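Predicted model only: the values in this text are computed from it and were never measured.
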Amino acid sequence: QVQLVESGGGLVQAGGSLRLSCAASGRTFSSYAMGWFRQTPGEAREFLGTINWNGASTYYPDPVKGRFTISRDNAKNTVSLQMNNLKPEDTAVYYCAASAFPTITIRTMDYRYWGQGTQVTVSL
């Protein structure tokens, strides 16, 4: 079992930055990859990126590539999502998730544990 708790959400103006954190407990943190997702009402959960077990590999989909960066600190059992140049369309609930595997994966079905989410609102 893995428990995940996100923090760092809030209100930010367009063009600003925000850093989300996710604290993990339970299973050995360095044994699994982590991912970030977001969701708006009525929409499917959107994949934002993933980082492998030791932080050496990351992957981002094109819509956020260059603006979002994922990092992890295995000593502190945390993973972060740095978001720059935020836009109103980035407004959503953001979730971190723990994969069943140590290597990066883009398949939502591979993420077995989810946090409760944190709201990010980007204003004009």
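- The two residues Ala97 and Phe37 make their nearest non-hydrogen contact at CB-CE1, 4.0 Å.
- Cluster annotation: Leu86 is not connected to Val93 through the hydrophobic network of ILVMFWY side chains, with a link wherever side-chain heavy atoms come within less than 4.5 Å.
- With a 6.0 Å cutoff to the six-membered ring centre and a 45° limit on the axis angle, Arg72 counts as a cation-pi contact of Phe29.
- Atom OG of Ser71 is separated from atom CE of Met34 by 11.5 Å, given to the nearest 0.5 angstrom.
- Across Val79 and Ile51, no two heavy atoms sit closer than the pair CG2-CG2, 4.1 Å.
- Note that CG of Asn77 and SG of Cys22 are 10.0 Å apart. Values are rounded to the nearest 0.5 Å.
- For Ala33 against Thr50, the heavy-atom pair with the smallest separation is CB-OG1, 4.3 Å.
- Residues Leu11 and Ser123 form a side-chain contact, since some pair of their non-hydrogen atoms from C-beta on lies under 4.5 Å apart.
- The environment of Glu89 atom CD is dense: over 12 non-hydrogen atoms of other residues, nucleotides or ligands sit within 6.0 angstrom.
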Practice item. With side-chain contact (heavy atoms from CB on, under 4.5 Å) as the test, would you mind laying out the steps for Arg45 and Tyr111 before giving the verdict? Key: CA-CA 12 Å; Arg45 196 161 288 189; Tyr111 293 89; over 6 Å; no
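- Ser17 meets the side-chain hydrogen bond (donor to acceptor under 3.5 Å, both in side chains) test with Asn84; sequence neighbours excluded.
- Side chains of Asn74 and Ser30: a donor-acceptor N/O pair is absent below 3.5 angstrom, by distance only.
- When the options Gln119, Arg38, Glu6 are evaluated for a side-chain hydrogen bond (donor to acceptor under 3.5 Å, both in side chains) with Tyr94, the one that passes is Arg38.
- To the nearest 0.5 Å, atoms CD (Glu46) and OG1 (Thr108) are separated by 10.5 Å.
- Residues Tyr113 and Tyr32 are not in side-chain contact: their nearest non-hydrogen atoms beyond the backbone lie 4.5 Å or more apart.
- Under a hydrophobic-cluster definition in which Ile, Leu, Val, Met, Phe, Trp and Tyr are linked whenever side-chain heavy atoms come within less than 4.5 Å, directly or via other members, Phe101 and Ile106 are assigned to different clusters.
- No side-chain heavy atom of Tyr95 sits under 4.5 Å from any side-chain heavy atom of Leu4.
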**Study point:** Candidate pair Val120 and Met83, rule side-chain contact (heavy atoms from CB on, under 4.5 Å), full reasoning
**Key:** CA-CA 11 Å; Val120 171; Met83 304 185 291; 4.0 Å; yes
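- Both Val122 and Leu20 belong to a single network of hydrophobic side chains, linked directly or stepwise wherever heavy atoms of I, L, V, M, F, W or Y lie under 4.5 Å apart.
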Can you give each donor-acceptor pair under 3.5 Å made by side-chain atoms of residues 60-70, sequence neighbours left out, with the distance rounded to 0.1 Å?
{"residue": "Tyr60", "atom": "OH", "partner": "Ile70", "partner atom": "N", "Å": "2.7"}
{"residue": "Asp62", "atom": "OD1", "partner": "Lys65", "partner atom": "NZ", "Å": "3.2"}
{"residue": "Arg67", "atom": "NH1", "partner": "Asn85", "partner atom": "O", "Å": "3.0"}
{"residue": "Arg67", "atom": "NH1", "partner": "Asp90", "partner atom": "OD2", "Å": "2.8"}
{"residue": "Arg67", "atom": "NH2", "partner": "Asp90", "partner atom": "OD1", "Å": "3.0"}
{"residue": "Arg67", "atom": "NH2", "partner": "Asp90", "partner atom": "OD2", "Å": "3.4"}

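- Distance check: Tyr59 OH to Ile104 CD1 gives 8.5 Å after rounding to the nearest 0.5 Å.
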